[in-house]
Amino acid sequence: MKTDKMGEWRRTHYSSDVGPELDGKEVTVFGWVQEIRDLGGIRFLILQDKNGKVQITIHRDKADSKVLKKAESLQRQYSIGIKGVVRKMGKAPGGAEIIPNEMRIFGVAKQPLPLDITGRTRADIDVRLDARVLDLRREENQAIFRVQHAALEAARSFLSKQGFMEVFTPRIIVSATEGGSALFPVAYFKREAFLAQSPQLYKEQLILDFEKVFEIGPFFRAEESHTRRHLSEFISLDIEEAFATAEDVMKVLEELIHNVCKDVTGNCGRELKLLKHKIEVPKTPFKRFTYDEVLEELEEEKIHIPWGEDIPTPAFRLLGKLHPYYYFLTDWPTKAKAFYIKPRDDNPEISEGFDLMWRWVELSSGGTRIHSKDLLVKRLSEQGLSPESFKHHLQAFDYGMPPHAGWGLGLARLVMALTGIRNIRDVVLFPRDRFRLTP
RNA sequence: GCCCUGGUAGUAUAGUCCGGUCUAGUAUAGGCGGCUGUCGCCCGCCCGACCCGGGUUCAAAUCCCGGCCAGGGCGCCA
């Protein structure tokens with residue numbers, strides 16, 4: 001099919017701008033055909049753009065013959081332009097519609113589409129992800145990413161006001177020595193390198209110069225996990241602060257969450273309505289439970305966890321039922337935390353590490369860091385890591401490393417909390433998991 | 001890596017337990033036709049499917065075995 005050129009046409013209004021107050025005004029709108037309702041003598045097109053939908057109405061006996069002919073050739077998902085006159089009309093959605101004088105077809109769409117873009121016939125997530133750009137036509141899906149955008153804006157603005165500076169650390173790193181989760185190897189010229197699993201070491205080094213830094217970026221973990229809250233590639237929001245303790249950065253974190261919730265609630269009314277989700281803006285300070293308190297609580301529920309062990313997922317699910325809000329878990333056993341988390345001075349068995357939970361999901365994890373080189377080297381060895389392979393990191397500790405603390409927050413998990421979406425794949429545009437590498 | 005569940009038109013499902021009634025039903029999308037106020041428009045007609053391989057049986061969408069794929073869960077996830 002022959003398509004039209006955009007030519008000199010430029011959009012004058014978005015769908016959301018078209019209302020009864022524009023009655024009689026000529027407008028140019030661009031967008032995609034979401035639905036066609038042909039009643040014979042009258043034909044309704046629902047035109048969708050990034051802001052919403054507007055109805056285009058074509059009367060068979062009144063419309064220009066060229067417009068009529070084009071209208072008859074339209075199909076779902078064609079991208080088109082309409083130049084027409086707004087008419088106040090109580091019977092139209094939003095109280096107004098556009099009567100076209102001219103129509104241009106820019107892009108056609110193969111029929112039938114691989115899934116229902118109106119969302120009435122629901123498709124499985126696998127089918128939806130295979131046709132992700134079409135899946136993202138659905139307004140609820142677009143709403144998720146607008147919420148994410150608002151959350152990011154709120155977080156950036158909050159952190160900047162608190163004196164944090166945004167930085168970027170390398171995604172390509174030299175060795176897999178950070179311990180813990182598996183890394184993806186990459187061919188780096190003639191050497192082997194790895195994709196970074198976190199900015200941890202770099203952000204710690206940078207507080208020596210900038211004191212308060214934050215980073216928002218993708219990280220990679222080659223885990224075997226296949227759950228609704230894990231991906232191989234995820235966006236992490238990290239901060240690190242000099243001359244600070246766990247309690248200090250927990251305050252930053254809870255204030256950040258509070259601000260994000262407040263801003264998203266204020267700015268994303270339409271999106272939250274589309275998602276049928278209400279955000280309860282959490283009051284600060286958040287509740288804090290110690291590891292020991294949680295173990296006791298679980299004991300009452302007949303779940304026994306030996307002291308020092310990590311808390312298994314089913315136990316976390318139960319905790320989420322008991323505490324359906326944002327809360328901190330503190331005083332973790334040192335051996336359950338990473339090598340760089342500082343043991344308490346009065347009891348080295350217990351660390352100054354913490355987790356921020358939302359119900360049963362771990363949103364963030366952080367703590368006071370070790371700033372003594374000797375202790376850090378000792379902890380590395382205890383965890384079976386070689387201090388030699390950390391020499392570039394350790395050099396920072398020779399140059400006046402101050403006490404410091406920080407945390408990392410999983411963006412997609414936060415968006416899940418903000419939208420009520422239960423599968424992390426739904427809140428990532430093109431998710432990468434153990435089995436999915438396309439599209 | 002382990003466990004559970006599933007795989008039927010473009011999409012979503014019924015049928016599977018208890019083999020024959022299935023020439024595989026329904027909705028939606030798509031095609032054709034009709035309809036001047038729809039907003040999940042409506043009405044009529046049409047197109048379109050049992051994941052792959054093997055086995056059992058007179059007979060397999062249905063039972064068995066293997067494979068592939070998917071979903072969920074667990075472990076793992078500094």
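By convention in this document, chain letters (A, B, ...) are assigned in the order of the sequence lines, proteins followed by strands, and residues within each chain are numbered from 1.
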OP1 or OP2 of G72(B) sitting under 4.0 Å from any side-chain N/O of R422(A)?
-> no
Establish, with yes or no, whether the OP1 or OP2 oxygen of C74(B) is under 4.0 angstrom from a side-chain nitrogen or oxygen of R317(A).
-> yes
R37(A) side chain near G37(B) phosphate (N/O to OP1/OP2, under 4.0 Å) | no
Does the base of G37(B) carry an N or O that pairs as donor and acceptor with the side chain of E97(A) under 3.5 Å?
-> yes
Nucleotide opposite G44(B) in a Watson-Crick or G-U pair, distances under 3.5 Å | C32(B)
Please measure how far the P atom in A9(B) lies from the corresponding atom in U26(B), and state the result in whole Å.
-> 16 Å
Would you say C77(B) has OP1 or OP2 under 4.0 Å from some side-chain N or O of Q197(A)?
-> no
Donor-acceptor pair present, R87(A) side chain and G37(B) base, under 3.5 Å = yes
Within the pair N423(A) and G71(B), is there a side-chain N or O less than 4.0 Å away from OP1 or OP2?
-> no
Ring-ring centroid check F219(A) F184(A), cutoff 6.0 Å = no
Parallel, tilted or perpendicular: which describes the rings of F354(A) and F328(A), with under 30° parallel and over 60° perpendicular?
-> perpendicular
Nucleotide G71(B), atom C1' - distance to CZ of R229(A) in whole Å = 15 Å
Taking the six-membered ring where the residue is Trp, are the ring centres of Y291(A) and W332(A) under 6.0 Å apart?
-> yes
Look at the side chain of S225(A) against the base of C76(B) and say whether a donor-acceptor pair falls under 3.5 Å; ignore hydrogens and angles.
-> yes
Phosphate OP1/OP2 of G40(B): any T118(A) side-chain N/O under 4.0 Å | no
For A9(B), give its Watson-Crick or G-U wobble partner with both distances under 3.5 Å, or none.
-> none
Does V428(A) reach the side chain of L231(A), with side-chain heavy atoms less than 4.5 Å apart?
-> yes
